[in-house]
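First comes the structure, then the notes that go with it.
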Amino acid sequence: MSNVVEVEDLVKIYPGNIKAVDGLSFTVREGEIYGLIGPNGAGKTTTLRIIATLLKPTSGRVEVAGYDIVENPDEVRRNISYLPEEAGAYRNLTGVEYLRFMAELYAKSKEEAERMVKEAIEISGLGDKIYDKTSVYSKGMKRRLLLARTLMVKPKLAILDEPTSGLDVVHALHVRNIILKYAKEYKVTILLSSHNMLEVEYLCDRVGIIYKGRLYTEGKPNELIEEYKASNLEEVFAKVVGVHA
Amino acid sequence: MLKSLIVKEVKDLLRDRKILFAMIIMPLIIYIGMGAAMSSLMEQSIKQVEETVKAGVKIALLNEDNGPWSKTFIEYAEKYWNATIIQINTTNLNKALNTTESLGLRALYIIPPGFSANISNEKPGVIQVYFILHDLSITSMGLLSVYNNIVSGFSKYLSSIIITRTAKVNPAFAMAPITGKTQVLLSGTIVSANLVQALSGQLFVLPVAPMLVIGYATSIAAMSIGVEKEEKTLEVLLSLPIRRRDIVLSKLTGSLLISLLASISMLIGFSYYMRSMTSIGANSTSEATQISMTGGIFGLIGVPGLILYVLSVFFAVFLASTLGLYLGSFGENVRSAQSMVGYIWIIVFFPLYMAIFTDFALDPLAKILAISVIPFAAPLVVLKAFLSGKIIYGVISIASSIGLLALIVYLLTKRFEGEKLLVGKSKRKKKSAFFKFGF
């Protein structure tokens, strides 16, 4: 199984000498759901933004689908679909117009774009509300629309920053099932970050716990639970972060 | 409770450096600077007129009377205005005007036959003044007044002579023995002085419309990037399989279309306004028809001038939109993006008014060139270039706008290629930077 994401010795220092990522290394295999977990300020979002070509690394190497994110950012963008933690939709477009606009950027034909839109409408579960302007959407509705936008293109790598953020229990469950479906049925590799340990445990094939920009431990959720003699991933997280705090 | 709310509100606003700068520091800089610049420009114009008068005016004279009173006029002009009178011998007006222009003189006085006989018979004598105008600047309009004042001054001078010499005289004649009829040769067209005054007045109103359109276009462009940040759509946009150059192009195309619509709308509305105002200023119906139907000042610059003027407005609006997009990209949300461009009208206002005060016929070449290369001055520069027959300055002005436009598009593309568009450039304390970057 080849690696879709390769992160090697990644360092990111913001202006003001703020070190957000400090020598981070990990890989994400094809078709895998990989979870990056860590406390606030651990460097998760920065790492995801670097992989999504939005930020440039200070040093280190990051490859997505075999393309270096610094040397070939356009190629990387063709292979990814990114859902930021705090994302919005164009308020003057309807949900369906937004999806169509996005689909046309990825699809090779009009028919393919329409297929994507149709699929996204189903993923979002927004029903007739999809024809309303996104300005009237609730936070949860927007999140579902954006997740549908991210997955409808069936990218090689979907980068999901807190995918269920702002969703109620029912919709969060729906979204998790969609993520699983796309990973298993369409072989979409997923790299996600989350604060919800139950979600990570449920979704991820492997997880990496990062803290202060470094990877402290990595493995399958059940293996980590066993290794740290914990009853769940939340306890593993508390132990890892507690030890290094 | 209210006190706490007010304190919170004031703190929130005053601690926003961009608002502090835009709302409190900028007005101080701008209005002090604007006042100084305007009074300096006005003083320069007045000084230029005064120096011309001091050095002595040069007048071309077509004396068809050759009587004693016309000689009195020559003596008066030479004695009181230090005037140099150059007599022209032709009866054809066009030839006389051509000779005046070829001699580098700005005014032709015509004293018609019977002038002296009329005055001797207690009938007002007429002096026709033809002023050759190459620009509608303050200086040129000041000089026009000077040449008119020579005639009105002579009328008063003659009045005192008549009253002293003649015991019984018609009081109306004694008060105003001379009637001056001033006409102006402007861009090859002879028009009344009243109309020229009206056109000159229009010139001061002319920058208002481009300023408004430019202001709105800038604000819309800044808002378009501010909204992307505020609505959190920028991050997704930048991760899409689109080249940064295409994102910039699409944003600029949007601004371009709005600029185009704004320019057309402005020109239609403003042409109507100019026509209406010129009709009021015109002396006769035929003159009003002649000038006002072609759009006041616009009617004087011809079709090529009008095309270049439309281009200059379009580029000024497009340039402002691009600048708005660039400056707006430094804001973190709609409010700060708009505050970044809130005072952009100043960099539009100054050049436009500097162009008004510049006389394309009288000012030194360096000054005219300097005004011509300031991009936002282009609409006025083009207009004045055509009025003065020095079209090259109009072309330079538009080329300068295009040059700056290319530079800003380049900077904008670079900004979209880098990460600062998303995370800004922070040298704040560690805590606030962490909060800002959200990692």
Side-chain angles (χ1 to χ4, degrees), chain A residues 12 14-21 38-57 73-93 98 101-102 104-107 134-135 142 146 149-150 153 155 159 161 193 210 213, chain B residues 17 220-221 223-251 253-254 257-258 329-330 332-335 337 413-439:
Chain A
K12 177 66 187 177
Y14 283 115
N17 206 27
I18 302 153
K19 197 175 260 185
V21 181
N40 288 339
K44 303 185 296 290
T45 297
T46 297
T47 305
L48 296 187
R49 281 178 167 184
I50 290 171
I51 296 168
T53 74
L54 299 175
L55 300 179
K56 289 189 171 68
D74 290 337
E75 285 301 327
V76 171
R77 285 180 207 126
R78 277 189 203 105
N79 284 284
I80 63 163
S81 191
Y82 172 53
L83 175 69
E85 183 183 357
E86 284 180 34
Y90 297 102
R91 54 187 297 113
N92 291 321
L93 297 186
Y98 176 74
F101 157 63
M102 291 292 175
E104 281 166 3
L105 298 175
Y106 288 89
T134 66
S135 56
K142 254 184 220 164
L146 290 165
R149 188 280 302 168
T150 311
V153 299
I159 305 165
D161 197 356
S193 82
I210 65 169
Chain B
R17 287 180 197 173
I220 288 167
M223 201 173 71
S224 81
I225 190 76
V227 164
E228 291 271 10
K229 288 187 177 184
E230 191 166 296
E231 301 282 328
K232 314 276 183 199
T233 50
L234 186 65
E235 219 172 324
V236 170
L237 184 71
L238 294 175
S239 73
L240 295 172
I242 324 166
R243 281 175 298 187
R244 298 293 196 259
R245 195 182 58 198
D246 292 343
I247 297 175
V248 172
L249 275 177
S250 67
K251 290 228 166 269
T253 308
L257 286 173
I258 290 173
S329 74
F330 288 89
E332 286 152 22
N333 47 38
V334 175
R335 187 174 74 169
T413 310
K414 284 282 157 202
R415 185 143 175 83
F416 270 78
E417 279 171 359
E419 63 181 39
K420 282 173 189 162
L421 180 67
L422 198 66
V423 296
K425 188 181 178 182
S426 177
K427 285 187 179 173
R428 292 178 200 171
K429 284 180 274 182
K430 212 168 183 173
K431 193 180 166 188
S432 59
F434 264 82
F435 173 74
K436 186 179 178 185
F437 300 142
F439 58 88

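Order of the sequence lines sets the chain letters (A, B, ...), proteins ahead of strands, with each chain counted from 1.
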### Spacing of B/L422 atom CG and A/L54 atom CG [to the nearest 0.5 Å]
5.5 Å

### Task
Decide if atom CZ of B/R244 counts as having more than 12 heavy atoms of other residues, nucleotides or ligands within a radius under 6.0 Å.
yes

#### Entry: Whether B/K229 side chain and B/S329 backbone form a donor-acceptor pair below 3.5 Å
yes

### Message
Counting heavy-atom pairs closer than 4.5 Å to chain B, which one of A/E86, A/R77, A/R149 comes out on top?
### Response
A/R77

#### Entry: Atom group of A/A89 that falls short of 4.5 Å from chain B, counting heavy atoms
backbone

### Task
Evaluate the ring planes of A/Y90 and A/F101, with Trp represented by its six-membered ring, and classify them as parallel (under 30°), tilted (30 to 60°) or perpendicular (over 60°).
perpendicular

### Task
Go through the atoms of B/E230 and report whether side chain, backbone, both or neither lie under 4.5 Å from a heavy atom of chain A.
neither

### Query
Tell me, side chain or backbone of A/K142 under 4.5 Å from chain B's heavy atoms, or both, or neither?
neither

